[in-house]
Structures are given as C-alpha cells and as structure tokens.
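By convention in this document, chain letters (A, B, ...) are assigned in the order of the sequence lines, proteins followed by strands, and residues within each chain are numbered from 1.
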Protein chains: 2
Amino acid sequence: MSEYLPDKLAEITIKMLGDRWKVLIIQNLLDGTKRFGELKRELGTITQKVLTSNLRLLEEKGILVRKVYAQIPPRVDYTLTQLGYELKPVIDSMIIWAEEYRRNVAKALNINLADCAE
Amino acid sequence: MSEYLPDKLAEITIKMLGDRWKVLIIQNLLDGTKRFGELKRELGTITQKVLTSNLRLLEEKGILVRKVYAQIPPRVDYTLTQLGYELKPVIDSMIIWAEEYRRNVAKALNINLADCAE
DNA sequence: GCGGATAGTTTCTCAAAAGATACCAATGTT
DNA sequence: AACATTGGTATCTTTTGAGAAACTATCCGC
C-alpha cells in the first residue's frame with residue numbers, strides 16, 4: 001500500500017500545473033519578475049480574467065508572490081518563489097518529452113505517407 | 001519569438017498528463033502490463049467510464065497499446081509504449097517537487113502555529 | 001435461472017475552467 | 001472632455017471531463 005504514496009505525490013504536482021495556462025505562466029516567470037501586462041502580451045491569447053485568476057491561485061499556493069506598488073498607473077509585479085523555481089526541472093523534462101513526442105509524430109506521418117505511396 | 005517554442009512544448013506534455021487520472025494511470029503502468037480490472041482496483045475510486053475513456057485517449061496518442069485477447073471472459077491488456085515509458089522522468093520530477101511542496105506546507109503550518117501561540 | 005468472471009457502453013447530471021465582452025478606477029496629458 | 005496608462009472586476013456562455021448508476025455481452029458452473 002505504501003507504494004501508492006508516490007502516486008499521490010505526482011497528483012499534487014499535476015494540480016499545480018494541470019492546465020495550459022499555469023504551465024505557461026510559470027514558464028514565463030522563470031525568466032524573472034514580470035508585470036501583468038507583460039505576461040498577458042507574451043502569453044498571447046489569454047484573457048485578463050483567466051490570467052488574473054490563475055495568478056491569484058498560484059500566489060495562494062505559494063508558487064509566486066505578487067507585489068503591488070502604490071502608484072498610478074497601477075503596477076503589480078509577479079515573481080516566482082523558490083518553490084516556484086523548483087518546478088523548472090519538471091517543466092524541462094516536459095519539454096524533453098514533448099520533443100520526443102514530436103519526433104514520434106513525424107515518424108508516424110512518414111509511415112503514413114509511405115502507405116499512401118504504395 | 002523563437003524563445004516561445006519551448007513554451008509550446010511543455011503545453012503538449014501537459015495535455016497528455018494534464019489531469020489526475022492520466023498521470024495516475026501512466027504511473028501504474030510503469031510497473032508493467034496490466035488489465036482493465038487490475039487498473040481499476042489499484043486506482044481506487046475511478047469509474048469504468050472515466051478509466052475507459054482515459055485509456056482510449058492515451059492509446060490514440062501513442063502512450064499505450066491495448067491488446068485484446070479472443071477469449072471469454074474478455075481480457076484486455078494495457079502496456080505503455082516506449083513513448084509512454086519516456087514520461088517516467090517527468091513523473092519522477094513531479095514527485096520530487098511534490099515532496100518539496102509538502103515540506104513547505106508543513107513549514108507554513110509551523111509558522112502559523114507559532115503565530116497563534118503568541 | 002442465477003451468479004460469477006471480464007471489459008466495457010449508455011444516459012444524465014454536475015463541476016470547474018475557459019472564453020467573450022463590457023465596464024471600472026485613478027492619474028496624467030493634450 | 002477625450003485619451004492614455006495600468007491592473008483589474010463582472011456577467012454570461014461554452015467546453016470539457018468527472019461522477020452516478022444502470023445496462024450489455026459471452027461463457028461457465030451450480
């Protein structure tokens with residue numbers, strides 16, 4: 001039964017990173033502190049609402065900190081915590097796997113093309 | 001702009017592993033070939049429907065293969081592909097991170113307890 | 001016939017997150 | 001006044017996956 005405990009651990013991490021936007025946000029912040037608008041531009045098609053709610057959740061979970069400046073126009077900086085930075089190896093291994101996956105897809109396409117040629 | 005391409009790669013992997021059941025299924029199959037009922041028992045509370053649909057999707061994506069035996073009672077074996085096994089480092093790094101996260105949560109609880117004591 | 005084995009399929013409901021769009025606040029500049 | 005800056009908030013709709021529960025198919029043994 002104790003062999004199932006590692007199962008539960010991966011589940012914890014998936015809950016933090018379990019969707020497109022969270023992983024992209026964290027990955028962006030690996031570059032260093034960024035402002036709301038900067039993140040929004042670099043992430044592309046994300047809505048303000050979705051960005052806000054994802055940032056707030058990651059803050060709540062201790063992945064990042066949000067620093068509000070007393071100024072107008074408003075300025076808010078987002079920075080990964082140490083815990084957030086420690087997600088880098090996870091993301092890196094994901095990138096490595098995706099590159100392998102891409103190679104496999106390309107290989108599968110080649111096979112399909114050969115079938116069509118016959 | 002090319003710096004964003006790695007961003008997209010992590011997204012690909014998250015789509016494969018992006019929820020509780022997929023990561024748990026893959027992790028179970030790292031032990032080797034298993035049957036439907038075996039998976040269902042070991043995963044605990046998953047419904048047949050959810051297990052089936054997750055297995056079919058992982059098969060479609062090339063993460064696992066499904067071998068149907070011509071017998072009654074029905075027998076279907078599920079085995080990770082090479083590509084599926086290559087998700088092991090991703091899952092391992094997730095486990096390591098979750099352990100760190102757990103330590104941080106415990107630390108945060110200690111701080112909160114100290115605050116209450118004062 | 002009933003119950004057991006196995007791996008599903010079906011139907012409906014619910015929950016959570018994303019998406020689309022509009023609006024808000026404060027200050028500064030023209 | 002209008003427009004600019006910034007980081008939001010609010011409301012409604014859509015999408016997706018999970019959950020609950022029932023039913024299906026085939027063979028075998030009692």
Side-chain angles (χ1 to χ4, degrees), chain A residues 7-8 10-29 32-61 63-80, chain B residues 7-8 10-29 32-61 63-80:
Chain A
D7 290 0
K8 300 302 176 185
E11 194 180 339
I12 289 169
T13 308
I14 278 287
K15 272 179 183 162
M16 297 299 159
L17 279 180
D19 60 68
R20 172 188 187 197
W21 293 121
K22 284 190 190 65
V23 72
L24 290 176
I25 289 166
I26 291 165
Q27 199 170 10
N28 248 281
L29 289 175
T33 298
K34 292 190 182 181
R35 298 175 63 172
F36 184 91
E38 198 174 351
L39 278 171
K40 186 163 184 299
R41 276 191 301 278
E42 296 185 6
L43 289 167
T45 56
I46 193 168
T47 65
Q48 287 161 301
K49 198 198 73 168
V50 171
L51 179 53
T52 301
S53 87
N54 273 282
L55 287 169
R56 292 305 174 88
L57 192 119
L58 289 172
E59 180 193 10
E60 182 188 312
K61 300 293 185 185
I63 310 294
L64 59 82
V65 290
R66 174 172 173 273
K67 181 171 181 180
V68 183
Y69 291 78
Q71 74 170 51
I72 294 295
R75 170 176 183 171
V76 181
D77 283 356
Y78 294 90
T79 311
L80 288 182
Chain B
D7 290 0
K8 300 302 175 187
E11 194 180 340
I12 289 169
T13 307
I14 276 289
K15 274 178 181 163
M16 298 299 160
L17 279 180
D19 59 67
R20 173 187 185 198
W21 292 121
K22 284 189 189 64
V23 72
L24 290 176
I25 288 165
I26 291 165
Q27 200 169 8
N28 248 282
L29 289 175
T33 298
K34 293 191 179 181
R35 298 174 63 173
F36 184 92
E38 199 175 352
L39 278 171
K40 186 164 183 299
R41 276 191 301 278
E42 295 185 5
L43 289 167
T45 57
I46 193 169
T47 64
Q48 288 161 300
K49 198 199 74 167
V50 171
L51 179 54
T52 300
S53 89
N54 273 282
L55 287 168
R56 292 303 174 89
L57 192 119
L58 290 171
E59 180 194 10
E60 181 187 314
K61 298 295 184 186
I63 310 294
L64 59 83
V65 291
R66 176 173 170 273
K67 181 170 184 181
V68 184
Y69 291 78
Q71 74 171 50
I72 294 294
R75 170 176 183 170
V76 181
D77 282 356
Y78 293 91
T79 312
L80 288 183

Exercise. Starting from P on dA22(D), measure out to CD on Gln48(B) and report it in whole angstrom.
Key: 13 Å

Quiz item: Picking from dT5(D), dA20(D), dG8(C), which would you name as closest to the side chain of Thr47(B)?
Solution: dA20(D)

Quiz prompt | Leu29(A) side, atom CG; Leu55(A) side, atom CG - distance, nearest 0.5 Å | solution = 7.0 Å

Quiz item: Between dG8(C), dG7(D), dA5(C), which nucleotide has the shortest distance from any of its atoms to the side chain of Val76(A)?
Solution: dG7(D)

Self-check item: Interatomic distance, Lys15(B) NZ vs dG17(D) C1' [rounded to whole Å]
Solution: 15 Å

Self-check item: Interatomic distance where OH belongs to Tyr69(A) and P belongs to dA25(C) [whole Å]
Solution: 26 Å

Exercise. Measure from CD1 on Ile72(B) to C1' on dT24(D) and round the result to the nearest Å.
Key: 12 Å

Quiz item: Whole Å only: how far is the CZ atom of Arg75(A) from the C1' atom of dT27(C)?
Solution: 17 Å

Self-check item: Sugar-phosphate, base or nothing in reach of Asn54(A), heavy atoms under 4.0 Å
Solution: sugar-phosphate

Quiz item: Rounded to whole angstroms, how far apart are CZ on Arg56(B) and C1' on dG8(C)?
Solution: 8 Å

Quiz item: So, Lys34(A) side chain and Asn28(A) main chain: donor-acceptor pair closer than 3.5 Å or not?
Solution: yes

Quiz prompt | Set of residues satisfying side-chain hydrogen bond (donor to acceptor under 3.5 Å, both in side chains) with respect to Ser53(A), sequence neighbours excluded | solution = none

Quiz prompt | Between P of dG8(D) and CD of Gln71(A), the distance in whole Å | solution = 12 Å

Practice problem: Test Leu43(B) against every option in Ile25(B), Asn54(B), Val50(B) by the side chain to side chain contact (heavy atoms under 4.5 Å, CB included) rule and name the one that passes. | Solution: Ile25(B)

Self-check item: Upstream residue (5' side of DNA chain C) when Lys22(A) and Pro74(A) are each assigned their closest nucleotide
Solution: Lys22(A)

Quiz prompt | The single option from Glu38(B), Arg66(B), Lys67(B) passing side chain to side chain contact (heavy atoms under 4.5 Å, CB included) against Tyr78(B) | solution = Arg66(B)

Quiz item: Of the candidate nucleotides dG8(C), dG19(C), dA5(C), which contains the atom at the shortest distance from the side chain of Arg66(B)?
Solution: dG8(C)

Quiz item: Below 3.5 Å, does any donor atom in the side chain of Lys49(B) face an acceptor in the base of dG19(D), or the other way round?
Solution: yes

Quiz item: Looking at Arg35(A), does any N or O in its side chain come under 4.0 Å of the phosphate oxygens OP1/OP2 on dG7(D)?
Solution: yes

Self-check item: Options dA7(C), dG8(D), dA18(D), nucleotide nearest the side-chain atoms of Val50(B)
Solution: dA18(D)

Quiz item: What is the distance, rounded to the nearest whole Å, between atom CG of Leu39(B) and atom P of dG8(C)?
Solution: 10 Å

